[in-house]
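Nothing fancy with the numbering, it's 1 onward along the sequence.
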Amino acid sequence: VVLFPEQLPAGFAMNPVGLVTAVVGSVFAGVLGSAWPAWRAGRITPLEGLSIRSRPARASRIVVCAGVALGLIGLQLSIIFLQSDPERIFWGELLVGIPSTFVGYFLLSVPAFVVVALGLSPVIDRVLGLPRGLMKRTVLATPYRFGFTAGAMMLGLALFISIWTNGRSVLEDWLKTLRFPDAFVAGVAITDQTRARIEALPVVTETVAIQVLPMRTDAFGVKAFDHTETTFIGFEPGPFFRMTTLMWVQGTPEEAIPRLERGGAVLVAKEFNTTRGIGVGDRLTLRYQDTPYTFDVVGVVSSPGLDIVNNWFEIGESYTEQAVNAVFGTREDLQKLFGISTYRLLQVGLAREVNGKKVTDEEALQAIRDAAGSGIIDAGSGRQILDEVKVFLSGSLYVFSLVAVGAMLVACFGVSNLIVASIQARQFEFGVLRAIGGSRGMLVRLVLGEALLIAVTACVLGTLMGTHGAKAGQRVNEVLIGIDLAGWPPVVPTGVGWVVLAGITLGAALPAALSLGRREPRELLATVRG
């Protein structure tokens, strides 16, 4: 809230329900997570407890762990990719898919750590100057402890990668498809007199009166949340199509314009076609104040972003409803059906030169504001609106990235706890290494090498899970709200995430490693073994 006030204009708001839910969920997770170790500890005999570290981890159990993990991950993929019903995808993903993904990747962290340890341990031994085979024997004695710690560290990176993958897709794929006209004028109820003054300006070539009305539709979302909004944009067909560039997915202007002028017909944004297959020849029912109105669909087009323009000016009810799609009809239909004759937006075409002199957007907008007087709220150019939307979305990426980095910082306490517990359990072992000639530095490098293996495993799994989450999110966006995104993890942000995660992991292990290096051999040998 302090660093990014533009992205969080409402300020800080405490949610008591969310706070209580977080506390209860944390306590429940802690009790549930400790139940199995507690039950196992209660059943073990004293002799077994004294020799427990001498037992190697069973390879068969690690294989089973991998099988269960892959099965759970595959279950989530089947829910969102092997069916097209939005209701089933939404509830299946919410109730089964997301939990299966988290549990699956967390279980996968154990076999993944084993694979990473087998592959990198010889390299780490050589790089850090450790005795051959020491690193592998050390970490593979407790693969679950190290693997699950890597699983905790991967979550922040997965969130980071998923955010940047889909965020970049929005900026580079979806936002670039929007084609805003030259300029807009916004007002609560613009009059024809105000419009005439604006049209009389030399810098203005043409205007189109646009009325924006929020309406409800069942073309998006799920039935349980009966509040999905669309934006009905009423325009004057002739000048609108002269000034606005639309990409026609279905239908043609030659066939659609006469039908629009006769009334009772609309164009729909391509999101309607993506989510529900609504196209030319279909009928679309919209609700306004709980009254249904049915229109013939005569074209499917890419949205020119007028719904975003409306929200940018913060006018009308649609600003709070946050529609992400639009239906295009005529102002005559709005007046006939709803009695609305005024308008809130004026789309303006600008001349680039007046009397041989080039005119900038800001000069043109200032002339429009001066001519309109108090009859408008604001004026803005299409380029300005698009740039500000980009700035807002880019800032949002950094806001959410802080959340991901925060998750990594929280998880680093788990790494520190693991290293401290591991050192405490192996003090006698470290004392023997020192007694037979191992240096202080060797013990420090050994502990840091273990942390490095955790970091590498977390980077691999976090990248996989983040990519998985991004692709799943793209599929859900496509099915529920019709936004068709594509993209893979961007190289630079992903690399930054790896560096941050590795730095946090090694930084968490460093204090315990240095403390171990300062201890004398006899002090380590005097501790209780195991």
**Q** Sort and list the pairs that fulfil side-chain hydrogen bond (donor to acceptor under 3.5 Å, both in side chains) and have at least one residue in residues 25-34, not counting sequence neighbours.
**A** none
**Q** I'd like to check the side chain to side chain contact (heavy atoms under 4.5 Å, CB included) partners of E261; sequence neighbours left out, ordered by chain and number.
**A** P237, I257
**Q** For T467 and T463, indicate whether the former's side chain and the latter's backbone hold a donor-acceptor pair under 3.5 Å.
**A** yes
**Q** With sequence neighbours excluded, tell me which residues meet ring-ring contact (aromatic ring centres under 6.0 Å, His included) with F232.
**A** F295
**Q** Look at the rings of F240 and F328 and say which category their plane angle falls in: under 30° parallel, 30 to 60° tilted, over 60° perpendicular.
**A** tilted
**Q** Does the pair R195/E199 count as a salt bridge with the N-to-O cut at 4.0 Å?
**A** yes
**Q** What I want to find out is whether R352 reaches E363 closely enough, with some N-O distance under 4.0 Å, to be called a salt bridge.
**A** no
**Q** Going by side chain to side chain contact (heavy atoms under 4.5 Å, CB included), name the residues that satisfy it together with Y398, two or more places apart in sequence or in a different chain.
**A** F4, W164
**Q** D333 side chain to G264 main-chain N or O, any donor-acceptor pair under 3.5 Å?
**A** yes
**Q** Side chain of S109, backbone of G147: donor and acceptor closer than 3.5 Å?
**A** yes
**Q** Kindly write out the residues that satisfy side-chain hydrogen bond (donor to acceptor under 3.5 Å, both in side chains) with E332, not counting sequence neighbours, or none if the list is empty.
**A** none
**Q** Kindly write out the residues that satisfy side chain to side chain contact (heavy atoms under 4.5 Å, CB included) with T205, not counting sequence neighbours, or none if the list is empty.
**A** A351
**Q** For E254 and R259: C-alpha separation, side-chain torsions, deciding distance, then whether salt bridge (Lys or Arg N to Asp or Glu O under 4.0 Å) applies.
**A** CA-CA 9 Å; E254 293 76 16; R259 183 65 185 85; over 6 Å; no
**Q** For the side chain of R287 and the backbone of R216, is there at least one donor-acceptor N/O pair under 3.5 Å apart?
**A** no
**Q** Answer yes or no: is there a donor N or O on one side and an acceptor on the other, between the side chain of K471 and the main chain of G487, under 3.5 Å?
**A** yes
**Q** Could you tell me whether a side-chain N or O of R331 sits under 3.5 Å from a main-chain N or O of E236, the two making a donor and an acceptor?
**A** no
**Q** Would you find a donor on one side and an acceptor on the other, under 3.5 Å apart, between the side chain of T194 and the backbone of I190?
**A** no
